[in-house]
Asker: 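Quick one: the structure is below, and I'll ask about it shortly.
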Amino acid sequence: MGFIQASRGTRDILPEEVATWQRIEAIAQAILTHSAYREIRTPIFEQTELFERGIGEATDVVGKEMYTFQDRGDRSITLRPEGTAGAVRAYIEHKLHAQGGVQRLWYTGPMFRYERPQAGRQRQFHQLGVEVLGSADPRADAEVIALAADILREVGIQGWTLSLNSVGTKADRQHYRDALVRYFEQYANDLDPDSQDRLHRNPLRILDSKDPKTQAIAKEAPSILDYLSDLSKTHFDRVQELLQRLDIPFVINPCLVRGLDYYTHTAFEFQLEELGAQSTVCGGGRYDGLVTELGGPDTPAIGWAIGLERLVMILQQQSETASTDIDIYCASRGVEAEAQALQVSRALQQAGLAVEVDLSGSAFGKQMKRADRSGAPLCLILGDEEAQNRTLQLKWLGSGEQEVLPQSALIERISDLKKKIILSKLAKRV
RNA sequence: GCGAGCGUAGCCAAGUGGUUAAGGCAGUGGUUUGUGGUACCACCAUUCGCGGGUUCGAACCCGUCGUUCGCCCCA
């Protein structure tokens, strides 16, 4: 085929699916706004160094997944692979910390990672995320986790599992890492090749290896929970207590390690089986060191991101797609009638009704057939006869009931029509 | 980056070397020239993602691209 297709790992979101996206965005926005979060919009590309420093040069995201290029001014530019680094950069650059107190931010938009696409994973994908900057209080941890749970519930997602862990402070993690390496070195030859490779690069990753033999060894490995400092432990205990009091079920998973370097203390993921290999729909955690790492004042912070494609995917698996939103289908035939029909339809649209005008000019039989298929409860019919008398026909497609009405009387009937339209839509849903 | 499967109409597909590429849904026209949902009839792929070769002959072989699943990793 000669035509140009969408790039690998990108896709079009067609009108039918956009309705779902808009619903999710509206729900999230309402919930976040009511919780004192404010939206922030940051650039889609940033200087490469921001991500190298923020996410960590050793991570896969930075090491092999970034969309990086030189611009015409010979600067190294990268399409953002996640939202936190940019939000934190903006926080520092505009001195939002100088406003004092806690900054609660949320964002949504496209992210880019050069990866091999599969279900639930694309090169351009969308996230919706929150960041709370300036609070080390465990209540902030509980708050953001609760918000994610609220959004999932309101959107209509059922059956998620919340996995929770603490990766402690940087020092805690260093001690633990050393202990882990010592432990795994004893079994170095029995580990799968991938894990042997990770032994010194990223030993925490060995813990969630899928290789059965490695899993058996990992089962007996020291747990990070035994290496937490008293302060880290107190924090983690408090987070758990608060989640219990907010009725948010969770499971402790000491093997939960998140991929980006900046995480400290609380780490969590909302998972769903429907997603297959990509089971995480929302991932996040605390990142107390990131703001200083990027040159800002010492500022504790926590956040998460929801993968919107994954959310939409689950929604489409778990629920039926919504039907049409058309209220009235307008059929007309004849030059003068068609003009009048257009005028009447506009009046109805301006009054807040969803009206679709048939533009085909084909026989009424055909137009009626389309009216029926459109799913609209009401059809408006206007032909030569009606045009002459300045009337129109209203036909209720459910019952077949039909009445003639002067066009001038339509406006005063509108609230009555709206009521009936809502009723017939409800009836159809059952 | 590695391994495996799959690409036939708008959608779901049968066909795995032999002449004219099943079927269903949707669409268009008609039976029904101003009134829908049912029914019936007709039409709807000179061509099987793209490119190339082999063969008397290719949707079927090869290459490539895309996609799906798994690994890695992640939302």
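Because only heavy atoms are used, hydrogens play no part in the values below, and waters and symmetry mates are left out as well, while side chains stay in. Chain A is the first sequence line, chain B the second, and so forth, proteins listed ahead of strands; every chain is numbered from 1. Given the structure is predicted, the values throughout are model-derived calculations rather than measurements.
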Asker: Say you pick atom C1' in B:C25 and the same atom in B:U35; how far apart are they, in whole Å?
Answerer: 26 Å

Asker: In whole Å, what is the span from the CD atom of A:Gln388 to the P atom of B:G34?
Answerer: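 Checked: the CD to P distance equals 17 Å.
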
Asker: Phosphate oxygens OP1/OP2 of B:G70: is one of them under 4.0 Å from a side-chain N or O of A:Gln118?
Answerer: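 Affirmative; the distance criterion is met.
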
Asker: Can you check the distance between B:G7 and B:A59, where both ends of the measurement are the C1' atom (answer in whole Å)?
Answerer: 11 Å

Asker: Would you say A:Trp21 and A:His126 make side-chain contact, with heavy atoms under 4.5 Å?
Answerer: yes

Asker: Is there a Watson-Crick or G-U wobble partner for B:C71 with both distances under 3.5 Å, and if so, which one is it?
Answerer: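 Matched B:C71 with B:G1 under the 3.5 Å cut-off.
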
Asker: Could you check how far CZ of A:Arg8 sits from P of B:G7, rounded to whole Å?
Answerer: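 Result: 18 Å.
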
Asker: Distance criterion of 3.5 Å, no angle test: do you see the side chain of A:Gln367 paired donor-to-acceptor with the base of B:G34?
Answerer: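 No, no donor-acceptor pair under 3.5 Å.
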
Asker: Please report the distance separating the P of B:G5 from the corresponding atom of B:C62, rounded so that it comes out in whole Å.
Answerer: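 One P to the other, the span is 11 Å.
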
Asker: Quick one: A:Tyr329 OH to B:U35 P, roughly how many Å, whole number?
Answerer: 17 Å

Asker: Looking at the base of B:C73, is there any donor atom on it, or on the side chain of A:Arg121, that sits under 3.5 Å from an acceptor on the other one?
Answerer: yes

Asker: From the list B:G30, B:C72, B:A75, which nucleotide is the closest neighbour of the side chain of A:Asp60?
Answerer: B:C72

Asker: For the P atoms, the ones on B:A22 and on B:C44, what distance do you get once it is rounded to whole angstrom?
Answerer: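 The answer is 12 Å between these two P atoms.
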
Asker: Mind running side-chain hydrogen bond (donor to acceptor under 3.5 Å, both in side chains) on A:Glu386 and A:Gln393 for me, showing each step along the way?
Answerer: CA-CA 8 Å; A:Glu386 290 80 9; A:Gln393 307 262 358; 3.0 Å; yes

Asker: Report the C-alpha distance between A:Asp327 and A:Leu348 in whole Å, list the side-chain angles of each, state the deciding distance to 0.1 Å, and finish with yes or no for side chain to side chain contact (heavy atoms under 4.5 Å, CB included).
Answerer: CA-CA 10 Å; A:Asp327 298 320; A:Leu348 290 168; over 6 Å; no

Asker: Measure from the side-chain heavy atoms of A:Phe364 and tell me the nearest of B:U35, B:G66, B:A75.
Answerer: B:U35

Asker: For A:Arg370, answer base if it contacts any base atom (sugar-phosphate contacts may also be present), sugar-phosphate if it contacts only those atoms, and nothing otherwise; contact means non-hydrogen atoms under 4.0 Å.
Answerer: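 Sugar-phosphate, backbone atoms only, no base.
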
Asker: Quick one: do A:Arg153 and A:Asp150 make a salt bridge, cutoff under 4.0 Å?
Answerer: yes

Asker: In whole angstroms, how far is the C1' atom of B:C69 from the CE atom of A:Met313?
Answerer: 12 Å

Asker: Any base atoms under 4.0 Å from A:Glu386, or only sugar-phosphate, or nothing? Heavy atoms, all strands.
Answerer: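 It contacts base atoms.
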
Asker: Determine the contact category for A:Gln393: base if any of its heavy atoms lies under 4.0 Å from a base atom, sugar-phosphate if only primed atoms, P, OP1 or OP2 are that close, otherwise nothing.
Answerer: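 Result for A:Gln393 = base.
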
Asker: Does the side chain of A:Leu242 reach to within under 4.5 Å of the side chain of A:Arg139, using non-hydrogen atoms?
Answerer: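 In short, these two side chains touch, coming nearer than 4.5 Å.
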
Asker: Searching all strands shown, indicate the nucleotide that pairs with B:G23 (Watson-Crick or G-U wobble; both distances under 3.5 Å).
Answerer: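 Partner of B:G23: B:C12.
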
Asker: Do A:Glu115 side-chain and B:A75 base share a donor-acceptor contact under 3.5 Å?
Answerer: yes

Asker: Find the distance A:Glu338:CD to B:G34:P and express it as a whole number of Å.
Answerer: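 It is 13 Å, rounded to the nearest whole Å.
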
Asker: Taking the P atom of each, how far is B:A39 from B:U46, in whole Å?
Answerer: 29 Å

Asker: Measure NZ/A:Lys366 against P/B:G34 and give the value in whole Å, please.
Answerer: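 My rounded result for the distance is 11 Å.
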
Asker: Provide the distance between the two P atoms, one in B:G53 and one in B:C48, to the nearest whole Å.
Answerer: 16 Å

Asker: Quick one: pull up CH2 in A:Trp304 and CD in A:Glu131 and give me the separation to the nearest 0.5 Å.
Answerer: 9.5 Å

Asker: Who does B:G37 pair with, Watson-Crick or G-U, both distances under 3.5 Å?
Answerer: none

Asker: With a non-hydrogen cut-off below 4.0 angstrom, is A:Ala363 in contact with a base, only sugar-phosphate, or nothing?
Answerer: sugar-phosphate

Asker: Go nucleotide by nucleotide along RNA chain B from the 5' end; which of A:Ile306 and A:Lys64 gets its closest nucleotide reached first?
Answerer: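 By nearest-heavy-atom nucleotide position, the 5'-most residue is A:Lys64.
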
Asker: When you get a sec, tell me which of B:A75, B:U35, B:A26 is the closest nucleotide to the side chain of A:Arg113?
Answerer: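 Within the option list, the nearest is B:A75.
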
Asker: Nearest-Å distance, CZ (A:Arg116) to P (B:A4)?
Answerer: 11 Å

Asker: With a 3.5 Å limit on both atom pairs, tell me what B:G66 is paired to, counting Watson-Crick and G-U wobble, or say none.
Answerer: B:C6

Asker: Given the C1' atoms of B:G10 and B:G63, what is the spacing between them in whole Å?
Answerer: 30 Å

Asker: With heavy atoms under 4.0 Å as the rule, sort A:Gln124 into base, sugar-phosphate or nothing.
Answerer: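 Result for A:Gln124 = nothing.
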
Asker: Considering only the C1' atoms, how many Å lie between B:U19 and B:G24, rounded to the nearest integer?
Answerer: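 About 27 Å, rounded to a whole number of Å.
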
Asker: Any cation-pi pair here, A:Arg123 with A:Tyr114, using under 6.0 Å and within 45°?
Answerer: yes

Asker: Could you please name the option among B:U35, B:G34, B:U67 that lies closest to any side-chain atom of A:Gln402?
Answerer: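 When the side chain of A:Gln402 is considered, B:U35 is the closest of B:U35, B:G34, B:U67.
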
Asker: Among B:G34, B:G1, B:C72, which nucleotide has an atom closest to any side-chain atom of A:Asp384?
Answerer: B:G34

Asker: Taking the nucleotide of RNA chain B with the closest heavy atom to each, which residue, A:Asp372 or A:Ser362, is nearer the 5' end?
Answerer: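 Checking each residue's closest nucleotide, the 5'-ward one belongs to A:Ser362.
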
Asker: Over how many whole Å does the gap from A:Lys369 atom NZ to B:U28 atom P extend?
Answerer: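 The answer, rounded to whole Å, is 8 Å.
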
Asker: Give one of base, sugar-phosphate or nothing for A:Gly334, where a contact means two heavy atoms less than 4.0 Å apart.
Answerer: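 A:Gly334: no heavy atom of the nucleic acid under 4.0 Å.
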
Asker: Does B:A42 have a Watson-Crick or wobble partner in any strand here, with both distances under 3.5 angstrom, and which is it?
Answerer: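 Partner of B:A42: B:U28.
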
Asker: Partner lookup for B:C48, please. Criteria are Watson-Crick or G-U wobble with both distances under 3.5 angstrom; report none if nothing qualifies.
Answerer: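 Pairing partner, where one exists within any strand: none, as none qualifies.
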
Asker: What nucleic acid atoms does A:Gly383 come within less than 4.0 Å of, heavy atoms only: base, sugar-phosphate, or nothing?
Answerer: base

Asker: Using only heavy-atom distances, decide whether a donor-acceptor pair under 3.5 angstrom links the side-chain of A:Lys395 to the base of B:G36.
Answerer: yes

Asker: Is a salt bridge present between A:Glu143 and A:Arg104, judged by a nitrogen-to-oxygen distance below 4.0 Å?
Answerer: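 Yes, A:Glu143 and A:Arg104 are salt-bridged.
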
Asker: Once you apply a heavy-atom cut-off of 4.0 Å, does A:Glu65 come out as touching a base, just sugar-phosphate, or nothing?
Answerer: sugar-phosphate

Asker: Name the residue from A:Val167, A:Ile224, A:Leu228 that meets the side-chain contact (heavy atoms from CB on, under 4.5 Å) definition with A:Asp172.
Answerer: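 Exactly one option meets the side-chain contact (heavy atoms from CB on, under 4.5 Å) with A:Asp172, and it is A:Leu228.
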
Asker: Regarding A:Gly398, tell me which of base, sugar-phosphate or nothing describes its non-hydrogen contacts under 4.0 Å with the strands shown.
Answerer: base

Asker: The side chain of A:Ile381 lies closest to which of these nucleotides: B:G1, B:G36, B:G34?
Answerer: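 The listed nucleotide nearest to A:Ile381's side chain is B:G34.
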
Asker: May I ask you to say what A:Gly400 touches in the nucleic acid, namely base, sugar-phosphate or nothing, with a heavy-atom cut-off under 4.0 Å?
Answerer: base

